[in-house]
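Worksheet: the structure to be examined is printed underneath.
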Amino acid sequence: MTTVAFLGTGIMGHPMAKNLVRSGVELRVWNRTRGKAEPLAEDGATVAGTPAEAAAGADVFVTMLADGLTVADVFAAANVAPGTVWLQMSTVGVEWVGKLAELAKAADVVFVDAPVMGTKVPAEQAQLQVLAAGPDDAHKKADAVFGAVGSNTRWLGTEPGTATRLKLVMNAWVLALTNATAESLALARALGVDPQLFFDVMTGTGFDVGYARMKGPLMLDGDYPASFPATLAAKDARLVVEAAGDAIDVAGTAATLAHLQAAVDAGHGEEDMAVLYRAVAKEA
Ligand code: NAP
């Protein structure tokens, strides 16, 4: 039986780990805040006290952590054995994916760059889309994990970074949709237009979009239970801006980042990214 170590059981990692253990693998889970990993014991996972305890003897090592620095720290603490397949599923950006691949190489660990598309509910329903890049001989072990957490895996090549670059492209889109939804709804309210008309008019048209329907109601209710925390969305916007560099003008993403950062600075970082509405609408 394959033994999988799963590091990071937050909003995404917890349901992913749950689906993984239910698929029949032997699962060891670790999370900095242990209480978030403990419920997984009921599903048959072993809760480890340290990253190294989780990684000891595992065939596959999965990271689903906040950012590149956190992933690097946890990898360093885990003492992953040579030959282990490392599925790096957190969103870390172009610069960090290169550094992490180097760390893996130095430890003789097989690195697979594997960020995901989808949020909390798709993670619960094992409907994530996995974007993957890594050596051909790692595919079999990787696919067993990806198949348990997602509905679709796109292998994009063998070079680390290939999947992360596509992930940034998709995130630029998701961030833009969230910011655009906030601006249209805030504008509706500022102009005395019933915001429901925004949704009514788009129904059945080419400019209808599921993301507006997902994030819009949160903005209108002013209640933002996190599917994707604003702090991490700000991190992702920053990764897009950094990756674009001087090559192209991503003023739209930069504006989204400013709205997200204002919401984070006002103490709303743990709430859903839709909370950027507060900055757009200039709510106190
Ligand atoms: P989350 O619930 O905030 O999870 C973050 C995880 O990182 C938690 O396990 C957290 O541990 C851990 N962590 C943070 N700082 C740490 C540190 N210094 N040392 C050790 N562990 C640390 O967020 P999430 O949404 O699951 O995000 C996880 C990753 O998935 C991120 O890279 C995110 O960008 C990516 N992602 C998210 C979504 C989404 O819609 N939510 C979609 C696609 C990809 P604690 O529990 O102890 O804080």
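Just follow the structure's listing: the first ligand is 1, and inside any ligand the first atom is 1. This one's a predicted model, so the numbers in the text were calculated from it and none came from an experiment.
V85 and L20 fall within the same hydrophobic cluster, defined by Ile, Leu, Val, Met, Phe, Trp and Tyr side-chain heavy atoms under 4.5 Å apart, directly or through other members.
By the neighbour-count criterion of 12 heavy atoms within 6.0 Å, atom CD of E38 is densely surrounded, having more than that number from other residues, nucleotides or ligands. Under a cut-off of 6.0 angstrom, the local environment of NZ in K99 is crowded, with over 12 non-hydrogen atoms contributed by other residues, nucleotides or ligands. Enclosure of atom CZ in R34 by more than 12 non-hydrogen atoms of other residues, nucleotides or ligands within 6.0 angstrom is indicated.
Residue I11 places at least one N or O, backbone or side chain, under 3.5 Å from an N or O of ligand 1. The shortest N or O to N or O distance between D67 and ligand 1 is not under 3.5 Å. Every N/O-N/O distance between K120 and ligand 1 stays at or above 3.5 Å. In terms of polar-atom proximity, defined here as any N/O pair under 3.5 Å, S227 does make such a contact with ligand 1. The distance criterion of under 3.5 Å between nitrogen or oxygen atoms is not met by M89 with respect to ligand 1.
Comparing T91, T231, L65 by heavy-atom distance to atom 29 (C) of ligand 1, the nearest is L65. Of the candidates R32, M273, H14, R32 brings a heavy atom nearest to atom 18 (N) of ligand 1.
Ion pairing between a basic and an acidic side chain is recognised when a charged N comes within 4.0 Å of a carboxylate O; D113 and K167 show no such pairing.
Residue-level proximity to ligand 1 for K235 is carried by the side chain, the only part with a heavy atom below 4.0 angstrom. The residue A226 has no part lying near ligand 1, judged by heavy-atom distances below 4.0 Å. Here K36 has side-chain heavy atoms under 4.0 Å from ligand 1, and that is the only part of it that gets that close.
Less than 4.0 angstrom separates some heavy atom of G118 from each of these atoms of ligand 1: 40 (O), 42 (C), 43 (C). Each of the following atoms of ligand 1 lies closer than 4.0 Å to a heavy atom of G8: 9 (O).
For atom 6 (C) of ligand 1, the nearest non-hydrogen atom of the protein is A66 N, 3.9 Å. Residue, atom and distance of the protein heavy atom nearest to atom 45 (P) of ligand 1 are T33 OG1, 3.5 Å.
Once rounded to the nearest 0.5 Å, the distance linking OG1 of T253 with CG of N179 reads 9.0 Å.
Panel note: side chain D43, backbone K18; no donor-acceptor pair is recorded below 3.5 Å.
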